[in-house]
Amino acid sequence: MEGLFGKLKEGQSPGVIIADQDFDSKIIPLGNAIWDSLHSVAPGTTLLLEVAKTEPSKLVPLFVHLKSRVSNSPQNNEQERVKVLRILFLLAELGRVNDETFQLLEKEECLGLIMKQFETEDVLELLTVIELLEVFGSSPLGIQYTINSGTLKKIFSAISEEDDGCGGLFQNKCIDFITTLARLDNPEIISKVLEDKSLFNVLTDAAKSERSDVQERVMIALGAVGVHALGLSLLISSKEILSFFTEYIQYPSVDQKVIALKAIAEILERKSLSSEEVDLTMNLVDSLKNEGGDFFTYILEFLKKPFWELRDSAYAALKGSARYGWGLEKIATTPGLIEVILDRNSEEEPEGLIWKFVVVQTIVGHPKAKEIVGLQRYYDCLEYAKKGIYYSRTEAVPILKDLAM
């Protein structure tokens with residue numbers, strides 16, 4: 001690397017190298033250095049990412065060269081396969097920098113090289129391929145290409161396969177990819193994925209798995225999918241998924257309760273608060289009940305448990321609920337809940353006191369808080385918020401002077 005470009009001075013921008021008049025003649029040797037040496041990957045990638053940000057067209061000769069090397073690399077050589085995957089990770093990283101770089105990769109037919117990796121029969125190599133796809137699919141154009149190429153359907157099929165040949169690791173990775181996809185800030189693309197219901201059907205089937213690791217990942221994915229209006233609507237309309245949530249939150253394991261609460265909290269913290277979505281969130285929470293009580297009864301119970309992870313996730317779900325009028329009503333009418341929220345002595349963790357403060361702020365910040373929780377409780381919450389996170393009452397001790405002289 002130093003031989004190609006010289007050593008950057010401390011604090012000097014990679015742009016200095018890009019401005020080098022001989023840059024074009026050095027870009028191919030740089031690609032070869034990354035191909036041949038693991039030590040060149042980090043500095044070479046940093047430099048190329050800077051080029052992609054500023055002058056992506058300078059990368060075209062490199063794209064053409066690397067495509068040729070990947071295409072002509074022997075498939076049965078393990079060392080060469082490692083180099084191929086190294087280069088494909090580099091191309092995936094470059095493709096998510098900006099739309100122009102992605103389009104140049106597409107024009108030079110480099111993107112198909114990434115999608116082609118799904119054709120491998122080596123199940124362990126597939127684990128690396130799905131990680132590659134997570135990088136590639138972290139941009140809207142990347143996800144759209146994944147859909148158009150048919151690769152997303154292959155991922156759906158993999159989620160449905162209990163026996164993936166590697167102990168379920170590939171199946172888990174594919175479910176994790178769905179979570180990554182659902183958390184992209186691009187509602188239009190996610191809506192397209194959800195419209196044909198294939199994704200939701202796949203998750204519904206996977207939720208029936210007897211493997212706890214699969215159930216855990218499905219729950220996390222449902223939380224991410226439920227943030228989207230169509231995803232939440234599909235979730236609410238599925239008795240199987242609602243039962244899955246209800247059962248999961250009642251499992252003896254603290255870890256499972258935590259995962260369910262975090263999934264619900266993610267749904268409740270949605271950006272959009274249209275009247276339809278407000279009703280859907282209320283329907284979701286209302287469905288999480290049995291003879292032992294409703295969702296807020298669970299929350300109150302969890303806040304009294306000695307497990308911080310459980311209280312932490314319960315606070316998160318409580319804060320999400322407090323954003324809604326129906327949530328405030330439930331908080332106010334659940335016996336003892338608001339009292340626990342306002343009792344600093346009931347929480348020993350500093351992070352828990354922060355959560356209490358955030359919940360109270362959310363309550364008093366609701367425009368209809370006074371009429372929903374009642375004047376007295378509203379002013380109690382207001383007083384709590386004014387005193388801050390770590391308020392501690394101090395009692396005045398009278399000082400008695402010895403008047404005997």
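For reference, positions follow the sequence shown, starting with 1.
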- Okay, side chain of S313, backbone of E309: is any donor-acceptor separation there less than 3.5 Å? yes
- Message: Which heavy atom of P61 sits nearest to which heavy atom of I28, and what is that distance?
- Response: O-CD1, 3.4 Å
- Task: Is it possible for you to check whether R344 lies under 6.0 Å from the centre of the six-membered ring of Y384, through NZ or CZ, and within 45° of that ring's axis?
- Result: yes
- Query: Can you check whether I34's main-chain N or O pairs, donor with acceptor, with S37's side chain at less than 3.5 Å?
  - Reply: no
- Message: Within the 4.5 Å heavy-atom criterion, are F244 and V218 side-chain neighbours or not?
- Response: yes
- Task: Give a yes or no answer on whether the side chain of S346 reaches the backbone of D343 with a donor-acceptor pair at less than 3.5 Å.
- Result: yes
- Rounded distance (nearest 0.5 Å) linking atom CG of N148 with atom CE of M115: 10.5 Å
- Has the side chain of S243 got a donor or acceptor atom that lies under 3.5 Å from a matching backbone atom of K239? yes
- Are any of the side-chain heavy atoms of R323 and L268 separated by less than 4.5 Å? no
- Message: Ignoring hydrogens and geometry beyond distance, is a side-chain donor-acceptor pair present between N201 and S198 at under 3.5 Å?
- Response: no
- Message: If you compare all heavy atoms of L91 against all heavy atoms of L105, which two are closest, and at what distance to 0.1 Å?
- Response: O-CD1, 3.4 Å
- What is the distance from atom CD1 of I87 to atom CD1 of I114, rounded to the nearest 0.5 Å? 11.5 Å
- Message: For K83, I'd like to know if atom NZ has over 12 heavy atoms of other residues, nucleotides or ligands within 6.0 Å.
- Response: yes
- Item | Heavy-atom side-chain contact between I241 and F200 under 4.5 Å | yes
- Message: I'd like to know if D205 pairs up with K208 as an ion pair, taking the criterion as any Lys NZ or Arg NE/NH1/NH2 lying under 4.0 Å from an Asp or Glu carboxylate oxygen.
- Response: yes
- Query: Any sub-3.5 Å donor-acceptor pair from E347's side-chain atoms to E349's backbone N or O?
  - Reply: yes
- Do I299 and I331 have side chains that get closer than 4.5 Å, going by heavy atoms? no
- Message: With rounding to the nearest 0.5 angstrom, report the CZ to CD1 distance, R270 to I267.
- Response: 7.5 Å
- Message: Counting neighbours of CD on E276 that are heavy atoms of other residues, nucleotides or ligands and sit closer than 6.0 Å, is the number greater than 12?
- Response: no
- Would you call R96 and E93 a salt bridge, using N to O less than 4.0 angstrom? yes
- Got F357 and Y390 here, is their nearest side-chain heavy-atom distance under 4.5 Å? no
- Least distance between heavy atoms, Q144 atom then K192 atom: OE1-NZ, 4.1 Å
- Message: Checking S274 against E277: is there a side-chain donor and acceptor pair closer than 3.5 Å?
- Response: yes
- Message: Between E216 and R211, does any side-chain N to carboxylate O distance fall below 4.0 Å?
- Response: no
- Counting only N and O atoms by type, is there a donor-acceptor contact under 3.5 Å from the side chain of K370 to the main-chain atoms of L375? no
- Message: Any salt bridge linking E266 with R183? Criterion: basic side-chain nitrogen under 4.0 Å from a carboxylate oxygen.
- Response: yes
- Task: Classify the side-chain pair D99/Q103 by whether it contains a donor and acceptor separated by less than 3.5 Å.
- Result: no
- Qualifying residue for side chain to side chain contact (heavy atoms under 4.5 Å, CB included) with K356, from V340, L318, L303: V340
- Query: Counting only N and O atoms by type, is there a donor-acceptor contact under 3.5 Å from the side chain of Q171 to the main-chain atoms of I159?
  - Reply: yes
- Note on the structure: Separation between OG (S40) and CH2 (W35), nearest 0.5 Å, reads 14.0 Å
- Would a distance-only check, ignoring hydrogens and angles, find a side-chain to backbone donor-acceptor pair under 3.5 Å from R217 to V214? no
- May I ask you to check whether F156 and F177 place their ring centres under 6.0 Å from each other? no
- Query: Where the side chain of H228 meets the backbone of A182, is there a donor-acceptor pair that is under 3.5 Å apart?
  - Reply: yes
- Verify side-chain hydrogen bond (donor to acceptor under 3.5 Å, both in side chains) between D176 and T179, making sure each step is shown before the conclusion. CA-CA 5 Å; D176 290 344; T179 301; 5.1 Å; no
- Mind checking whether K271 and V227 have side chains closer than 4.5 Å, heavy atoms only? no
- Task: Compare all side-chain heavy atoms of T146 with those of L181 and state whether any distance is below 4.5 angstrom.
- Result: no
- Message: Within this structure, what is the CG-CG distance for the pair L66 and L88, rounded to the nearest 0.5 Å?
- Response: 9.5 Å
- Query: What are the two closest heavy atoms between V202 and S160, and how far apart are they?
  - Reply: CG2-OG, 4.0 Å
- Over 60° means perpendicular and under 30° means parallel, so classify the ring planes of W355 and Y315, tilted if in between. parallel
- Query: With side chains defined as the heavy atoms from C-beta onward, is the minimum distance between E301 and T297 less than 4.5 Å?
  - Reply: no
- Step through the shown structure and confirm whether more than 12 heavy atoms of other residues, nucleotides or ligands are within 6.0 Å of CD on E329. no
- Is Q117 reaching over with its side chain to a backbone N or O of L113, donor-acceptor style, under 3.5 angstrom? yes
- Message: Is it true that, when you exclude K154 itself, more than 12 heavy atoms of the residues, nucleotides or ligands shown sit nearer than 6.0 Å to its NZ?
- Response: yes
- Interatomic spacing from CG in L49 to CG in L94 - rounded to 0.5 Å: 5.5 Å
- Salt-bridge present (K368, E371; N to O < 4.0 Å): no
- Pairing of K173 and E131 as salt bridge, 4.0 angstrom limit: yes
- Mutual orientation of the aromatic rings belonging to Y248 and Y251 [parallel < 30°, tilted 30-60°, perpendicular > 60°]: tilted
